[in-house]
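Since the structure comes first, as structure tokens, the remarks are kept for the end.
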Amino acid sequence: MTQQIAHFIGGQHAAGGSTRTQDVTNPATGKVTGKVVLASQADVDAAVAAAQAAFPKWADTPPIRRARVMFKFLELLNLHKDELAHMITAEHGKVFTDAQGEVSRGIDIVEFACGIPQLLKGDFTDQVSTGIDNWTLRQPLGVVAGITPFNFPVMVPMWMFPVAIAAGNTFILKPSPTDPTPSLRMAELLKEAGLPDGVFNVVQGDKAAVDALLEHPDVKAVSFVGSTPIANYIYETGARNGKRVQALGGAKNHMVVMPDADIDQTVDALIGAGYGSAGERCMAISVAVLVGDVADKIIPKLVERTKTLQVLDGENLAAEMGPIVTRAAHERITGYIAQGEKEGAKLLVDGRQFDGSKAGAGCGDGFWMGGTLFDHVTPEMRIYKEEIFGPVLSCVRVANFKDAVDLVNDHEFGNGVSCFTRDGNVAREFSRRIQVGMVGINVPIPVPMAWHGFGGWKRSLFGDMHAYGEEGVRFYTKQKSIMQRWPESIGKGAEFVMPTAK
């Protein structure tokens with residue numbers, strides 16, 4: 001029998017009132033393992049009502065006490081991180097070691113949120129004018145929501161809710177219906193950590209739930225991670241409904257390889273960043289920009305390494321890459337590979353030929369694919385312009401450093417980028433001139449640490465503030481400025497001019 005997966009509202013598991021469901025599948029075997037209930041408007045309203053009821057008391061809770069709940073949650077996460085990683089592998093398909101890494105990066109944000117008393121400190125100025133003091137403080141927004149993607153069912157929600165909750169907000173998580181169970185486990189751990197009922201809620205669902213959150217007047221802010229078209233929709237719809245919105249969109253991340261780069265290190269970096277998590281990462285490297293004669297040195301090694309990728313069931317610790325997340329995603333990726341051939345790119349390694357029965361027992365019907373490698377890709381091709389979100393690496397050849405920078409800067413996305421070089425001046429110029437939000441120098445996946453914040457440029461981010469870090473604290477709080485003086489310092493008589501410092 002398959003399990004029924006529903007919501008977590010007001011501190012309790014809730015079946016909800018909807019009869020709509022969606023299959024949850026193990027990508028390695030292709031078998032349905034559960035059915036997730038897709039929330040109705042009434043289910044979303046119930047979650048918002050629970051969060052709204054819990055908000056006043058939680059917002060009034062001293063930050064140090066909120067931090068203590070986060071510390072306990074941190075302790076529980078460390079005890080249960082492998083359990084969460086197995087859940088990720090079972091529903092997403094990424095290899096277990098990669099899933100462990102995902103949980104660990106989420107834990108980093110919880111550790112950051114434990115410092116909320118320091119992060120909420122305001123500024124104070126004594127005697128801004130005679131007898132007047134001025135200070136600022138940061139207060140929570142109210143009920144806030146997070147809409148998160150399938151590819152990081154633990155880490156991306158933890159980009160949002162630990163900071164939001166620690167800052168005094170109440171939170172509603174709408175995870176992907178593709179891999180919904182980790183969200184419920186995190187809700188249980190938060191309750192065990194002492195979080196009051198209603199402060200964290202989970203509503204499973206699809207677009208109907210998203211629209212209900214975007215239109216609900218009591219939801220004050222929405223955070224989103226996903227594709228650019230949906231990020232644009234979330235941003236416009238949320239803003240039209242008076243909400244603060246932070247919507248992270250798609251990517252087409254380049255790695256510029258200079259002629260002086262260490263070839264073996266670069267090959268390792270491209271293989272890991274291009275094919276790790278089956279390329280289903282918003283920070284995956286999908287384009288290798290090969291400068292000058294470096295292509296002739298690196299391509300043969302890339303071909304050899306791509307052909308020998310260990311594509312196995314994610315529970316096998318020898319696995320380097322697992323299956324594609326769904327059958328629909330598999331079909332979309334194979335369509336892009338066919339399109340690349342049609343447009344004239346040179347197909348060096350064809351991942352469509354992979355036999356899933358070799359990945360492990362019972363894997364013959366899973367959504368399997370090997371790594372795919374293209375050479376002589378040009379900027380006019382769809383496989384260059386569009387986000388494939390799969391294990392497809394495209395190689396583009398350029399003559400010099402300037403052409404490489406111009407190529408990256410001309411792309412509509414500006415999420416992540418990397419440059420491999422031994423030249424400090426090249427590294428400095430690249431870092432300054434590239435129009436991308438997150439830059440790595442000899443670092444293939446430059447995901448910032450918890451206290452720095454995550455976010456791209458151009459059509460990779462809609463909104464003004466990045467996720468987590470100090471910008472995350474600012475996103476989930478509003479600043480209030482207070483000016484104060486006492487009667488003994490107030491002069492007699494009405495003042496009709498603009499106040500000035502005296």
Side-chain angles (χ1 to χ4, degrees), residues 3 5-7 21-39 84-96 98-103 105-106 145-161 173-187 202-210 213 223-231 233-234 247-251 275-284 286 314 321-333 366-369 387-391 415 447 454 467:
Q3 62 172 327
I5 304 160
H7 321 298
T21 62
Q22 179 175 315
D23 288 345
V24 178
T25 306
N26 183 335
T29 63
K31 293 181 179 179
V32 175
T33 58
K35 286 189 177 294
V36 59
V37 177
L38 304 176
L84 286 166
H86 282 298
M87 288 180 172
I88 295 167
T89 298
E91 293 182 351
H92 173 276
K94 69 175 64 175
V95 302
F96 179 67
D98 188 24
Q100 287 177 307
E102 172 186 340
V103 178
R105 288 304 299 264
I147 302 165
T148 56
F150 72 85
N151 58 326
F152 289 102
V154 169
M155 183 183 76
V156 170
M158 284 203 279
W159 285 0
M160 304 172 185
F161 74 76
L173 173 62
K174 204 300 290 180
S176 168
T178 301
D179 39 18
T181 57
S183 62
L184 299 176
R185 188 68 182 115
M186 289 188 290
V202 178
V203 287
Q204 312 289 354
D206 54 8
K207 186 177 184 296
V210 170
L213 288 167
S223 300
F224 170 82
V225 175
S227 68
T228 284
I230 301 177
Y233 172 79
I234 297 281
L248 283 68
Y275 301 126
S277 200
E280 294 170 331
R281 293 172 175 158
C282 65
M283 288 294 284
S286 54
M321 190 175 103
I324 305 303
V325 65
T326 63
R327 191 177 304 280
H330 190 280
E331 292 172 355
R332 187 195 72 247
I333 296 163
F367 315 133
W368 294 94
M369 179 181 293
E387 184 177 35
I388 298 173
F389 221 65
N415 202 51
V447 178
F454 181 104

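Values below: every heavy atom of this structure, side chains too, minus hydrogens, waters and symmetry copies.
Legend: residues meeting salt bridge (charged side-chain N to carboxylate O under 4.0 Å, His left out) with K31, ordered by chain and number and at least two apart, are absent. Applying the side-chain hydrogen bond (donor to acceptor under 3.5 Å, both in side chains) criterion to S227, with sequence neighbours excluded, gives no partner residue. Residues satisfying the side-chain hydrogen bond (donor to acceptor under 3.5 Å, both in side chains) test with S176, not counting sequence neighbours, are T178. T25 meets the side-chain hydrogen bond (donor to acceptor under 3.5 Å, both in side chains) test with no other residue; sequence neighbours excluded. Residues meeting the side-chain hydrogen bond (donor to acceptor under 3.5 Å, both in side chains) test with Q100, sequence neighbours left out: D82. In this view, R185 and H80, E83, L84, M87, E188, L189 satisfy the side-chain contact (heavy atoms from CB on, under 4.5 Å) rule, not counting sequence neighbours. With sequence neighbours excluded, the residues forming a side-chain contact (heavy atoms from CB on, under 4.5 Å) with A6 are V37, listed by chain and number. Here V95 pairs with T97, D98, A319 under the side-chain contact (heavy atoms from CB on, under 4.5 Å) rule; sequence neighbours left out. Partners of A28 according to the side-chain contact (heavy atoms from CB on, under 4.5 Å) rule, which considers only residues two or more places apart in sequence or in another chain, are N26, D313, P323, C363, W368.
Atom CZ of R332 has more than 12 neighbouring heavy atoms from other residues, nucleotides or ligands inside a 6.0 Å radius.
For the pair A39 and A209, the tightest heavy-atom approach, listed with the atom from each and the gap, is CB-CB, 4.3 Å. Residue C282 comes nearest to N415 through the heavy atom pair O-ND2, 3.1 Å, listed as atom of the first residue, atom of the second, then distance. Scanning both residues, P177 and P180, for their nearest heavy atoms gives O-CD, 3.5 Å. The two residues A231 and A247 have their closest heavy-atom pair at O-CB, 3.5 Å.
Within the 3.5 Å criterion, the main-chain N or O of V24 finds a donor-acceptor partner in the side chain of T33. No side-chain donor-acceptor contact under 3.5 Å links T21 to the backbone of V36.
With contacts defined as side-chain heavy-atom distances shorter than 4.5 Å, the pair S183/Q204 qualifies. Looking at V325 and F367, their side chains never come closer than 4.5 Å, going by heavy atoms from C-beta outward. In this structure the side chain of T228 never reaches within 4.5 angstrom of the side chain of E387, judged on heavy atoms.
The OG1 atom of T89 sits 9.0 Å away from the CD atom of E102 when rounded to the nearest 0.5 Å. I234 contributes atom CD1, which lies 12.0 Å from atom CG of L248 (distance to the nearest 0.5 angstrom). To the nearest 0.5 Å, atoms NZ (K94) and CD1 (I324) are separated by 12.5 Å. Rounded to the nearest 0.5 Å, atoms NZ (K174) and CG (L213) are 9.0 Å apart. Note that the CG atom of L38 and the CG atom of D206 stand 4.5 Å from one another [nearest 0.5 Å].
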Pairs of donor and acceptor atoms involving the side chains of residues 147-161, under 3.5 Å and at least two apart or interchain, shall be tabulated with distances.
from : atom 1 : to   : atom 2 : distance (Å)
N151 : ND2    : E280 : O      : 3.2

Item to check | Stepwise side chain to side chain contact (heavy atoms under 4.5 Å, CB included) test for I388 and S286 | outcome: CA-CA 8 Å; I388 298 173; S286 54; over 6 Å; no
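Sequence neighbours left out, not one pair with a member in residues 145-156 passes salt bridge (Lys or Arg N to Asp or Glu O under 4.0 Å).
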